[in-house]
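First up is the structure itself, then whatever we jot down about it.
Source: prediction; values computed, not measured.
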Amino acid sequence: FDIWLWHNKLSGKVPSLFYDHVGWKDAWWNIMGGNKYNLAEVYVLAPTFHVTDINGAILDSKEIYPNHKYTAIFHWATWCGFSIAYMPEVIRLYKKYRDFGFEVIGLTSEEELSTISTYIKDNEIEWPNFFSTPSNMLDYPASCITPGVGYPAGQNPEITLIDSNGRVVFTSVITNRYELASFLEEKLGEGKQVEYYTSTDYSQDRKST
């Protein structure tokens, strides 16, 4: 079962012929991607995974999903300018909502371990990350866009939000990725407020270290 309706500006309800089909789990993003279908009106099962992260720890969706209100799977790459531009937003949301039931799992491919490790350290990224390989991947079939990734559209950056029941509730395949902030605010409230330090010593102004 395969059908490609990508970016046809379709709207309304997804035909039951599609979402009742046994192939819906693997083909939903081909049908909904780039269209104006409402994700809340269909059931999209999240990918399951049992993978090893870059530090050797096991990441198991059976433990991660139920223990968080929302888990974001973030597909990114250091060589992708759009990923680098979006990364500060993901870091901001993670710091704001991680104490309110929000988790992030990062995945990448076509990277060197030293490159990704350096980037993670330099940018103080605290969520777990793993390389997608044929033996260490999500259970979606390999994307035709990025072979071997095993993730919906295989784009960089691509972010998918999953609730505690293992259902996809937001994805940048359908919705602009910058709308994730308003989605989380609606579901989790204002989150952790950033505390700013107010200086009273101006002797070091305009100096750098």
Side-chain angles (χ1 to χ4, degrees), residues 5-16 18-19 24-25 27-49 59-76 80 82-108 123-129 138 140 151-196:
L5 299 179
W6 191 268
H7 282 288
N8 276 286
K9 298 182 180 180
L10 302 175
S11 61
K13 291 185 176 294
V14 178
S16 60
F18 295 153
Y19 62 75
W24 169 253
K25 172 181 173 292
W28 67 267
W29 62 275
N30 280 339
I31 296 169
M32 300 189 70
N35 293 312
K36 298 180 180 180
Y37 288 134
N38 187 349
L39 186 60
E41 294 181 353
V42 296
Y43 191 93
V44 175
L45 188 66
T48 58
F49 55 89
L59 305 177
D60 191 338
S61 60
K62 292 181 180 179
E63 297 180 359
I64 294 173
Y65 292 160
N67 289 316
H68 297 88
K69 292 180 180 178
Y70 296 101
T71 300
I73 298 178
F74 180 34
H75 184 204
W76 65 285
C80 170
F82 293 109
S83 292
I84 301 307
Y86 186 54
M87 183 63 74
E89 173 70 354
V90 183
I91 293 174
R92 183 185 72 84
L93 293 174
Y94 183 68
K95 291 181 177 180
K96 186 175 183 179
Y97 291 110
R98 64 181 173 184
D99 295 333
F100 295 80
F102 179 54
E103 177 63 299
V104 176
I105 304 295
L107 76 96
T108 188
N123 291 274
E124 300 180 346
I125 296 173
E126 300 179 54
W127 60 74
N129 293 267
L138 307 179
Y140 278 137
Y151 193 69
Q155 300 172 337
N156 289 300
E158 187 174 322
I159 194 159
T160 298
L161 196 66
I162 296 144
D163 68 13
S164 59
N165 295 314
R167 178 177 181 174
V168 174
V169 293
F170 178 98
T171 174
S172 59
V173 172
I174 301 171
T175 306
N176 186 296
R177 55 184 173 268
Y178 285 98
E179 293 185 27
L180 178 60
S182 58
F183 183 95
L184 289 174
E185 183 174 356
E186 177 184 347
K187 301 297 184 180
L188 300 178
E190 295 184 357
K192 183 179 181 180
Q193 301 304 300
V194 178
E195 297 180 1
Y196 294 95

For atom CZ of F82, is the number of surrounding heavy atoms from other residues, nucleotides or ligands below 6.0 Å larger than 12?
no

Taking every non-hydrogen atom, the tightest pair across Y37 and I31
CE1-O, 3.7 Å

d(L161 CG, K187 NZ) to nearest 0.5 Å is 10.0 Å

May I have the step-by-step check of side-chain contact (heavy atoms from CB on, under 4.5 Å) for Y86 and N156, ending in yes or no?
CA-CA 10 Å; Y86 186 54; N156 289 300; over 6 Å; no

Listed by chain and number, what are the salt bridge (charged side-chain N to carboxylate O under 4.0 Å, His left out) partners of K13, not counting sequence neighbours?
E41

Closest non-hydrogen atom pair, L39 against M32:
CA-CE, 3.9 Å

Extract all donor-acceptor atom pairs below 3.5 Å that involve side chains of residues 61-68 and protein atoms in other chains or at least two apart in sequence.
{"residue": "S61", "atom": "OG", "partner": "F49", "partner atom": "N", "Å": "3.0"}
{"residue": "S61", "atom": "OG", "partner": "F49", "partner atom": "O", "Å": "3.4"}
{"residue": "Y65", "atom": "OH", "partner": "P47", "partner atom": "O", "Å": "2.6"}
{"residue": "N67", "atom": "ND2", "partner": "E63", "partner atom": "O", "Å": "2.5"}
{"residue": "H68", "atom": "ND1", "partner": "I64", "partner atom": "O", "Å": "2.8"}

One should read off an interatomic distance between N165 CG and D163 CG, to the nearest 0.5 angstrom, of 5.0 Å

Residues in side chain to side chain donor-acceptor pair (under 3.5 Å) contact with T175, at least two apart in sequence or another chain:
none

Under 4.5 Å between any side-chain heavy atoms of M87 and F74, yes or no?
yes

Over all atoms of both residues, closest heavy-atom pair of H75 and T108:
CD2-CA, 4.4 Å

Donor-acceptor pair, side chain of S172 and main chain of I159, under 3.5 angstrom
yes

Under 3.5 Å, is there a donor-acceptor pair between the side chain of N8 and the main chain of L10?
no

Does a side-chain heavy-atom distance below 4.5 Å link L188 with K69?
yes

N35 meets the side chain to side chain donor-acceptor pair (under 3.5 Å) criterion, sequence neighbours left out, with none

Can you find a heavy atom in the side chain of W24 that is under 4.5 Å from one in the side chain of Y43?
no

Do P157 and C80 have side-chain heavy atoms sitting under 4.5 Å apart?
yes

Does a donor on one side chain and an acceptor on the other come within less than 3.5 Å for N30 and W28?
no

Taking only residues at least two apart or on different chains, which pairs with a member in residues 155-175 satisfy ring pair (Phe, Tyr, Trp, His ring centres under 6.0 Å)?
F170-F183

Donor-acceptor list for residues 88-107 side chains, cut-off 3.5 Å, not counting sequence neighbours:
{"residue": "E89", "atom": "OE1", "partner": "R92", "partner atom": "NE", "Å": "3.0"}
{"residue": "E89", "atom": "OE1", "partner": "R92", "partner atom": "NH2", "Å": "3.3"}
{"residue": "E89", "atom": "OE2", "partner": "R92", "partner atom": "NH2", "Å": "3.1"}
{"residue": "Y97", "atom": "OH", "partner": "G189", "partner atom": "O", "Å": "2.8"}
{"residue": "R98", "atom": "NH1", "partner": "E126", "partner atom": "OE1", "Å": "2.9"}
{"residue": "R98", "atom": "NH1", "partner": "E126", "partner atom": "OE2", "Å": "3.2"}

State, yes or no, whether a side-chain contact exists between N129 and W76 at a heavy-atom distance under 4.5 Å.
yes

